Protein chains: 2
Amino acid sequence: MARVSIKSIAEVLGVSTATVSLVLNGKEKEGRVSKDVAEKIRLKAKEMHYEPNNLARGLRMGCSQTIGLIVADISNLFFANLAFHIQEHAEKYGYSVIITNTNESDLKLEKMVNVLKSRQVDGFIIVPTEHGMPYVETLVKRNIPTVLVDRNFAEIKAGAVVVDNYHASAKAVKSLIRQGCRNIGLIIYKSRLQHMRERKRGYIDAITEHGFYNPDFVKEINYSTISNDIPIAIESLLLKENRIDGIFFATNTLSMLGIKQLMNMNRRIPEDLKVVCFDKSDAFDFMDIPIPYIFQPLPEMGRIAVELLVEQIKEPSGERKCVELQASLVNSPVNN
Amino acid sequence: MARVSIKSIAEVLGVSTATVSLVLNGKEKEGRVSKDVAEKIRLKAKEMHYEPNNLARGLRMGCSQTIGLIVADISNLFFANLAFHIQEHAEKYGYSVIITNTNESDLKLEKMVNVLKSRQVDGFIIVPTEHGMPYVETLVKRNIPTVLVDRNFAEIKAGAVVVDNYHASAKAVKSLIRQGCRNIGLIIYKSRLQHMRERKRGYIDAITEHGFYNPDFVKEINYSTISNDIPIAIESLLLKENRIDGIFFATNTLSMLGIKQLMNMNRRIPEDLKVVCFDKSDAFDFMDIPIPYIFQPLPEMGRIAVELLVEQIKEPSGERKCVELQASLVNSPVNN
DNA sequence: TTTATACGCTTAATCGTTTAACTATAAAGT
DNA sequence: ACTTTATAGTTAAACGATTAAGCGTATAAA
């Protein structure tokens, strides 16, 4: 079963490959192919189950209609959902998506950028790692279409779509204060990434505004030792003298493990203490009471990421837009 | 910034592209290139940041070092994890993975097969849709490397890696019986797919063996109307006269929604009734008591899927193996 | 001296598509 | 009759990499 190419169609029909190509790309008008021949070609193509070879086309055209998506971890629901929406929209524009993982490793980010480059992706959508800026910068400097998502490096002007982490975070903390919390803990990753810094800043500013700031209440967790760190952090936070009455979890994984630890320690939510989380976790559905959380508009983010990228692909040296979306607080007993 | 190709290196160094290609592919021995020239080429390549163009290579070699992965829904944790492990192993063999979704639509399966074929993927790993057999069959007939995963069509000899759904299911049900359950409900998708049929058969056989079978206790849910169907199914199952004391949920999504409904109805697990689920859900971590579930060896499945596919790619007309893995029951108070 | 062979590199075809430039014919305009 | 214009195609180069076959030159063998 030999591959059926434009050439085989051309031979069978006794025309040139150019004609076949013209017709199959709907350029018969400019290419001026007669209706008869065009119809014959289209029929034969269907009959022979012709499928264009995108490698060849990509080679010739200098583009592959493929987007490279680099996320931290596809098995994390947040990224999986993001990937889903990115794919759905990419498809609309005729793009396929190659997804790769970094597992938060800078080395892997570099490797993946190279792998995807050699596959001639037309552009990148990247959730960068903590120290991944240099690799992203290289792409930007070479005018390779690149959109950062979830996390941004303000210093380099790549395109980006992120949420307003600062205000989202502040909103979350204020909702706790409005519920009467005074001693509010923060469980967050130790990270230099802007989105984490912003979430922390949002927490600190909101809480300082009300005069409740206590640096001891900020617990920074190492990504790689999270399972060990969380129980320790929560336990030290919940020491009697701290009188903790609220906790803000800065990511969904932190929430998951944190709340689990609270349950292990027999703390009731919200009677003993109140919580609010960044991002939803499937698990929230199971809680007796609804867990308030910051909702990031994932479908929106996916859509915009693709749109920004497609714009850049059309005009690689054009301006690179950064879009900041507002996140909302859901399930909170206090409004706004 | 023009792309750096083998040609540009050759021109700068005043040698032919053939020599450069030979060296860069480590074929200097057979190609008999002098150490001097080889070293010069390697240096220059690094200096110019040469990255091979995989489109061109793929076109020439007739293979793209790319695997097409088609899953039902990448935002479902089960598939996201599966995709993760498939990727990790594919990478080891030098393959990239293009992931696409069907959302359980047969039409989309057909479309995705064509999209991936035109991208010249070297093989497919597919989680097929309910009526997707014809499309898979076409691939198999054309000797296109194909491995089914999670779900199999026994009728066509594609490669496959699945769990022993029948015994896993029976194991789950028997654990309920051993805990004293007599009236055990089954919440399952209405589907002709073999894995669903096997799970149902496992349930029926195990329960019939003990003389407790009652067809009314089997509730089949439509995938597309799941949010409506689940509460109705659970409510009708829990009618007083049924004296239901156990429920077996046949997938993770069914478990999630089903347990949520049980909680809405204030049924305590395991006091009021016991449950056992197929697949883990993140949410289980949040439950007061551990939820027993059937654990599918996902890392194994991913690894084997890739290995089977790579074998097929090496020998497309060779025998296509089907691997059946045993799933285990975890968190159950009764052993085995 | 002649012939074989090893060495070191080049030539050129090829993969499947696209597309600018060209050709050939007919019809229309002057 | 001659030029222009429209029609309906074809030719051939190009994208970047691979690789079988070829070709001088030098050395070794006969």
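Just so it is clear, the model here is predicted, and its values are computed rather than measured. Convention: sequence-line order gives letters A, B, ...; per-chain numbering from 1.
- Between B/K27 atom NZ and C/dG8 atom C1' the separation is 18 Å, expressed in whole Å.
- At least one side-chain nitrogen or oxygen of B/T19 sits closer than 4.0 Å to the OP1 or OP2 atom of C/dT10.
- Residue A/V15 is classed as a sugar-phosphate contact, given heavy-atom separations below 4.0 Å to backbone atoms only.
- Whole-Å rounding puts the A/E28 CD to D/dA8 P distance at 11 Å.
- In this structure, A/A158 and A/C322 approach most closely via the heavy-atom pair O-SG, 3.5 Å.
- Of the candidate nucleotides D/dG16, D/dT19, C/dG16, D/dT19 has the atom lying nearest to any side-chain atom of B/A18.
- As a whole-Å value, the separation of B/N53 CG from D/dC15 P is 12 Å.
- B/Q120 has its CD atom 18 Å from the P atom of D/dA17, to the nearest Å.
- Atom CE in B/M61 sits about 14 Å away from atom P in C/dG16, given to the nearest Å.
- When rounded to the nearest whole Å, the span between CG of A/L13 and P of D/dA8 equals 17 Å.
- With a 6.0 Å radius and a threshold of 12 heavy atoms from other residues, nucleotides or ligands, A/K7 has its NZ atom at or below the threshold.
- Heavy-atom distances to DNA chain D give each of A/T17 and B/L55 a nearest nucleotide, and the one nearer the 5′ end belongs to A/T17.
- Considering only side-chain N and O atoms, A/S34 lies under 4.0 angstrom from the phosphate OP1 or OP2 of D/dG9.
- Nucleotides of DNA chain C nearest to A/R32 and A/R57 differ in position, and the one nearer the 5' end is that of A/R57.
- For the side-chain contact (heavy atoms from CB on, under 4.5 Å) with B/Q296, the qualifying choice from B/V162, B/D150, B/L325 is B/D150, the only one to do so.
- When every heavy atom of A/A45 is checked against every heavy atom of A/L24, the shortest pair comes out as CB-CD1, 4.2 Å.
- One interatomic measurement links the two molecules: CD1 of B/I9 to P of C/dC9, which rounds to 16 Å at whole-angstrom precision.
- At a threshold of 4.0 angstrom between heavy atoms, the contacts of B/N25 are confined to the sugar-phosphate backbone, with no base atom among them.
- As judged by a 4.0 angstrom heavy-atom cut-off over every strand, B/S16 is placed among the base-contacting residues.
- Here D/dT19 presents its P atom at 9 Å from CG of B/L22, a figure rounded to the nearest Å.
- Between B/E28 and B/K40 there is no salt bridge, since none of the side-chain N atoms of the basic residue sits less than 4.0 Å from a carboxylate O of the acidic one.
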